[in-house]
There are 2 protein chains.
Amino acid sequence: MGVVRNTKSVKLVNDLFNEIHSAIGVVELVEKFNGQMNKSTIYRILDRLEDEGRVHSFLGVNGLKHYAKCHDCSKSEHVDIHPHFQCTTCGKVECVSYEIKIPRLSNKKIEQAQLLLTGTCEVCLA
Amino acid sequence: MGVVRNTKSVKLVNDLFNEIHSAIGVVELVEKFNGQMNKSTIYRILDRLEDEGRVHSFLGVNGLKHYAKCHDCSKSEHVDIHPHFQCTTCGKVECVSYEIKIPRLSNKKIEQAQLLLTGTCEVCLA
DNA sequence: TTATTTTTGCGACTGAGTTGCATTAATTGT
DNA sequence: ACAATTAATGCAACTCAGTCGCAAAAATAA
Ligand SMILES: [Mn+2]
Ligand SMILES: [Mn+2]
Ligand SMILES: [Zn+2]
Ligand SMILES: [Zn+2]
């Protein structure tokens, strides 16, 4: 633990999440920052940003990790739980503003729900 | 393509899915059949069984592939779409009989929804 | 500036999943 | 039952996301 340092690389990653409004896969991130920072560095920065509640992660349809900017989350708690959408045509991944209805299961305690929607996005439909 | 052959290995895998009633991860499957059949064979059999609508697959919380027996599915269509539950204490993974309510998103066509629930199972709660 | 602590780059590694190919086993036809 | 055909298997090598240890570099504190 300790203070989180505001390095050049951290700034670059942060800037990206402020620019883009969709989510982004870790493969694309590694590709995007190729030459600017090391693969390990990207993974480590994403881990730290997630710890701090600045980004959240989820798995795409292929099981690959994706990240998106958080809203109203803090170091202590991730509060913006929502579904994610992945376009099967162009691959775009997005956060979806919609409250997930968690089913009650007898004798089980459900703590979390992850909903991944797949289909065709507005651009690919047109 | 061609006929699907009822080999010794296929029988073993099929028998397992008839015995167990929970889902099972591919890692456990490889471990379980260690010495009886090759890793590649397991992956290939699972692919074929899924094609035929005898098992269905989904990703667990770690992004690892899991399989469970199908009900009322055929080679042409997988009809038993449902959420899955994974116990964060014992790791058990199960199919959940519950109809997923798919949200309508403006300008998007949603074709599929995958819901993964995580929490504590009845055994681990007691 | 100097000392301290975090972060980075690098390279080696892990582990799930895939692939090509020669061999083996299941099915089909006679 | 046997031979011919074709699908399935074993094996070993491979791919690729993700991790790790460690020495060097950068950021913060003194
Ligand atoms: Mn999101
Ligand atoms: Mn299921
Ligand atoms: Zn699209
Ligand atoms: Zn449990």
Side-chain angles (χ1 to χ4, degrees), chain A residues 1-17 23-68 75 84 86 91 93 114 116, chain B residues 1-17 23-68 75 84 86 91 93 114 116:
Chain A
M1 295 276 161
V3 245
V4 175
R5 299 190 176 179
N6 203 24
T7 63
K8 206 181 198 172
S9 297
V10 169
K11 276 175 213 142
L12 283 170
V13 174
N14 246 320
D15 286 355
L16 180 71
F17 280 109
I24 184 163
V26 91
V27 175
E28 290 79 49
L29 278 164
V30 170
E31 169 63 23
K32 189 151 246 163
F33 290 118
N34 180 34
Q36 293 179 88
M37 72 189 82
N38 190 269
K39 183 173 71 157
S40 312
T41 303
I42 299 180
Y43 280 102
R44 291 190 273 227
I45 288 178
L46 291 169
D47 277 357
R48 265 179 275 146
L49 292 182
E50 189 165 22
D51 274 355
E52 292 173 41
R54 289 159 84 176
V55 301
H56 60 276
S57 73
F58 57 94
L59 301 178
V61 75
N62 38 26
L64 300 192
K65 221 165 186 187
H66 287 69
Y67 285 87
K75 195 176 298 205
H84 293 94
Q86 184 161 9
V93 181
Q114 302 171 44
L116 180 63
Chain B
M1 295 280 161
V3 249
V4 176
R5 298 189 176 179
N6 203 24
T7 64
K8 206 182 200 169
S9 296
V10 169
K11 275 176 213 141
L12 283 170
V13 174
N14 247 320
D15 286 355
L16 179 71
F17 279 108
I24 183 164
V26 90
V27 175
E28 290 79 50
L29 279 163
V30 170
E31 168 63 23
K32 187 152 247 164
F33 289 119
N34 179 34
Q36 293 179 89
M37 72 189 82
N38 189 269
K39 182 172 72 155
S40 311
T41 304
I42 300 180
Y43 280 102
R44 291 191 273 226
I45 289 177
L46 292 169
D47 276 358
R48 266 179 275 146
L49 291 182
E50 188 165 23
D51 274 355
E52 292 173 41
R54 290 159 83 177
V55 301
H56 60 276
S57 73
F58 57 95
L59 301 179
V61 75
N62 37 26
L64 300 191
K65 219 165 186 188
H66 286 70
Y67 286 88
K75 194 176 299 202
H84 293 93
Q86 184 161 9
V93 181
Q114 303 172 43
L116 180 63

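Sequence lines set the chain letters: A, B, ... in the order given, protein chains first and strands last, and positions in each chain run from 1.
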Let me know the distance between [atom1] of [X] and [atom2] of [N], rounded to the nearest Å.
X	N	atom1	atom2	value
A/L59	C/dA16	CG	C1'	14 Å
B/M37	C/dA25	CE	C1'	14 Å
A/K11	C/dT7	NZ	P	13 Å
B/D47	C/dA16	CG	P	17 Å
B/N34	C/dA16	CG	P	13 Å
B/F33	D/dT9	CZ	P	12 Å
A/I45	D/dG18	CD1	P	16 Å
A/L29	D/dG18	CG	C1'	14 Å

Might you confirm whether atom NZ of B/K8 has over 12 heavy atoms from other residues, nucleotides or ligands at distances under 6.0 Å?
no
B/N38 has a side chain; which of D/dA17, D/dC11, C/dA26 sits nearest to it?
D/dC11
Checking C/dA16, C/dT8, D/dA8 against the side chain of B/R5 (C-beta onward), the nearest is D/dA8
Give a yes or no on whether the backbone of B/G60 and the side-chain of B/Q86 come within a donor-acceptor separation of less than 3.5 Å.
no
Check: B/L16 and B/L29 side chains under 4.5 Å, non-hydrogen atoms
yes
Would you indicate whether the side-chain heavy atoms of B/L46 and B/F17 approach each other to under 4.5 Å?
yes
To the closest 0.5 Å, what do you measure between NE2 (A/H66) and CD (A/E28)?
5.5 Å
Identify whether any heavy atom of [X] sits under 4.0 Å from a base atom; if not, whether one sits that close to sugar-phosphate; answer base, sugar-phosphate or nothing.
X	answer
A/K39	base
A/V26	sugar-phosphate
B/V27	sugar-phosphate

For [N], take OP1 and OP2 only and decide whether either is under 4.0 Å from a side-chain N or O of [X].
X	N	value
B/S40	C/dT18	no
B/T41	D/dG10	yes
B/S9	D/dT9	yes
A/R48	C/dT7	yes

DNA chain C nearest-nucleotide lookup for B/K8 and A/I42: closer to the 5′ end is A/I42
Kindly indicate whether the side chain of A/R44 and the base of C/dT7 share any N or O donor-acceptor pair separated by less than 3.5 Å?
no
